[in-house]
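Below you'll find the structure, written out as structure tokens, and then a few comments.
First the proteins, then the strands, lettered A, B, ... as listed; each starts at 1.
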Protein chains: 2
Amino acid sequence: MAIDFHSSIKTLNLKVTPKRLAILDILASEMAYVSPEEVWRKMKERFGKIGLPTVYRNLEDLAQGDLIIKIIHPDRKLYYYFCHNSENGHHHHFICLTCRKVEDLDFCGLEEIKKEVEGHLKGSIVSHLIQVYGLCRGCKQ
Amino acid sequence: MAIDFHSSIKTLNLKVTPKRLAILDILASEMAYVSPEEVWRKMKERFGKIGLPTVYRNLEDLAQGDLIIKIIHPDRKLYYYFCHNSENGHHHHFICLTCRKVEDLDFCGLEEIKKEVEGHLKGSIVSHLIQVYGLCRGCKQ
DNA sequence: AGCTAAATGAAAATTGTTTCTAATTATAAA
DNA sequence: TTTATAATTAGAAACAATTTTCATTTAGCT
């Protein structure tokens with residue numbers, strides 16, 4: 001089943017513009033994470049001219065849902081990734097440092113962390129960041 | 001038992017300079033995470049004049065060990081924190097978004113993640129980032 | 001079709017961080 | 001204790017990534 005970009009955008013209370021559709025399309029066509037500037041380059045191929053701020057703004061807006069996720073690389077630069085199985089519920093990612101491929105991790109230890117934070121520390125969790133970096137099967141050798 | 005900054009620095013194969021000792025001292029005196037620029041301000045109080053690059057370099061160098069840890073805030077700015085119980089072995093942190101306090105989490109799900117990455121995905125882990133953000137006990141109300 | 005709020009373009013500013021070179025300093029060896 | 005040398009620092013400047021501003025355009029309702 002193909003993903004309905006149109007309604008994905010609407011779900012986020014955003015207007016459906018050609019640029020936003022194109023950004024989703026570009027990200028969805030990659031199995032790897034990409035930088036805002038890379039998205040910008042691909043957008044220029046399609047639209048001739050487009051401002052970099054527009055790309056930044058839209059990536060940020062679209063990353064409010066589960067479809068597009070932000071990846072914080074060890075180099076602390078920002079990347080984005082189209083999450084093809086975002087309907088699989090909450091999960092995290094294994095990120096290949098060589099080929100930039102992203103793979104799903106089923107495991108999320110948040111339940112246990114939550115127990116510890118709410119129980120022992122008496123705090124409340126607002127968000128969490130769990131990302132695992134390494135070499136994928138293909139890049140290992 | 002007080003922490004021996006002198007040998008902490010040596011362990012990292014770094015020279016023991018007044019600036020490095022001061023940075024450790026400044027960070028250790030805080031229960032919260034601080035930005036490079038905040039460290040810089042405090043360093044200027046002590047040394048009159050000191051370059052911001054020196055602070056950046058030293059924070060980065062000192063964060064190679066377990067004593068000083070880097071915190072990636074949701075705002076993607078970089079912060080540093082003196083890890084008072086770094087001898088407790090590998091662990092992660094609960095980070096209060098309001099008062100910047102940092103608390104230890106005993107739990108690290110890495111073992112299970114490792115099983116999944118090495119077993120199912122046939123990849124290898126290079127590093128991982130697990131940080132939990134929220135409101136601490138005091139800031140909750 | 002017309003209205004209104006949201007989205008965009010363009011240029012510039014901002015922010016955080018790093019690079020460079022020369023001068024200084026900590027450390028190990030003599 | 002002095003010397004040698006390799007690491008550290010200052011200072012200025014460069015740099016890159018991201019964001020702001022504001023005027024113009026466009027999407028989505030009525």
Side-chain angles (χ1 to χ4, degrees), chain A residues 4-26 33-65 68 70-81 100, chain B residues 4-26 33-65 68 70-81 100:
Chain A
D4 180 7
F5 293 160
H6 205 280
S7 59
S8 300
I9 295 173
K10 286 212 153 166
T11 306
L12 295 168
N13 289 314
L14 299 171
K15 288 187 178 176
V16 179
T17 67
K19 313 261 154 108
R20 288 195 174 129
L21 288 168
I23 285 178
L24 287 184
D25 187 51
I26 285 166
Y33 60 84
V34 289
S35 70
E37 218 217 305
E38 286 158 351
V39 175
W40 181 52
R41 276 202 290 273
K42 286 171 192 291
M43 290 292 278
K44 282 194 289 191
E45 289 170 13
R46 298 195 186 197
F47 292 94
K49 217 171 205 179
I50 174 174
L52 188 48
T54 300
V55 173
Y56 272 96
R57 272 186 302 243
N58 282 327
L59 284 172
E60 187 63 25
D61 291 344
L62 294 170
Q64 296 311 307
I68 302 295
K70 275 196 229 188
I71 289 186
I72 311 259
H73 201 265
D75 66 10
R76 264 184 333 107
K77 277 197 281 189
L78 192 52
Y79 297 92
Y80 291 88
Y81 171 71
R100 296 181 162 206
Chain B
D4 180 6
F5 293 161
H6 204 279
S7 59
S8 300
I9 295 173
K10 287 214 151 165
T11 306
L12 296 168
N13 289 315
L14 299 171
K15 289 187 178 176
V16 179
T17 67
K19 313 262 154 106
R20 288 194 174 130
L21 288 167
I23 285 178
L24 288 184
D25 186 50
I26 285 166
Y33 59 84
V34 289
S35 69
E37 218 217 306
E38 286 158 351
V39 175
W40 182 51
R41 275 202 291 273
K42 286 170 192 290
M43 290 292 278
K44 282 194 291 191
E45 289 170 13
R46 299 195 186 197
F47 293 93
K49 218 171 202 179
I50 174 175
L52 188 49
T54 300
V55 173
Y56 271 96
R57 268 187 309 249
N58 282 327
L59 283 172
E60 187 63 26
D61 290 344
L62 294 170
Q64 296 311 309
I68 302 295
K70 274 195 230 192
I71 289 186
I72 311 267
H73 200 265
D75 67 9
R76 264 185 331 107
K77 277 196 281 188
L78 192 52
Y79 297 91
Y80 291 87
Y81 171 71
R100 297 181 160 205

**Asked** Given that B:Lys10 and A:Asn13 both sit by DNA chain C, which one's nearest nucleotide is further toward the 5' end?
**Response**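 Here A:Asn13 is the residue nearer the 5' end.
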**Request:** For A:Arg76 and for B:His6, find the nucleotide of DNA chain C with the closest heavy atom, then tell me which residue's nucleotide is more 5'.
**Result:**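 Closer to the 5' end of DNA chain C: A:Arg76.
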Measure from [atom1] on [X] to [atom2] on [N] and round the result to the nearest Å.
X	N	atom1	atom2	result
A:Leu78	C:dT17	CG	C1'	16 Å
B:Leu12	C:dT27	CG	P	14 Å
B:Phe47	C:dT25	CZ	C1'	13 Å
B:Tyr79	C:dT15	OH	P	13 Å
A:Leu14	C:dA7	CG	C1'	10 Å
A:Ile23	C:dT8	CD1	P	8 Å
B:Glu37	C:dT14	CD	P	15 Å

**Prompt:** Side chains of A:Glu37 and A:Tyr56: is there a donor and an acceptor less than 3.5 Å apart?
**Reply:**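 A:Tyr56 and A:Glu37 do not have a side-chain donor-acceptor pair below 3.5 Å.
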**Prompt:** So does A:Lys49 get a side-chain nitrogen or oxygen closer than 4.0 Å to the phosphate oxygens (OP1/OP2) of C:dG9?
**Reply:**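 So the side chain of A:Lys49 is outside the cut-off, no N or O lying under 4.0 Å from OP1 or OP2 of C:dG9.
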**Asked** Earliest and latest nucleotide of DNA chain D, 5' to 3', sitting under 4.0 Å from a non-hydrogen atom of chain A?
**Response**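 With heavy atoms of chain A under 4.0 Å away, the range is D:dA17 to D:dG28.
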**Request:** Please work out which residues in residues 52-60 of chain A have a non-hydrogen atom less than 4.0 Å from an atom of DNA chain C and list them by number.
**Result:**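 Listed by number, they are A:Pro53, A:Thr54, A:Arg57, A:Asn58.
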**Partners passing side-chain hydrogen bond (donor to acceptor under 3.5 Å, both in side chains) against A:His73 (at least two apart in sequence or in another chain)** =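 Only A:Tyr33, A:Asp75 meet the side-chain hydrogen bond (donor to acceptor under 3.5 Å, both in side chains) criterion with A:His73.
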**Message:** Tell me whether A:Trp40 contacts the main-chain N or O of A:Ile50 through its side chain, where contact means a donor paired with an acceptor under 3.5 Å.
**Reply:**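 At least one qualifying donor-acceptor pair exists.
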**B:Asn58 (side chain) donor-acceptor with B:Thr54 (main chain) under 3.5 angstrom** =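 Indeed, once roles are kept as given, a pair shorter than 3.5 Å links the two residues.
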**Asked** With nearest nucleotides of DNA chain D determined for B:Lys15 and B:Lys19 from heavy-atom distances, which residue corresponds to the more 5′ nucleotide?
**Response**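 It is B:Lys15 whose nearest nucleotide is closer to the 5' end.
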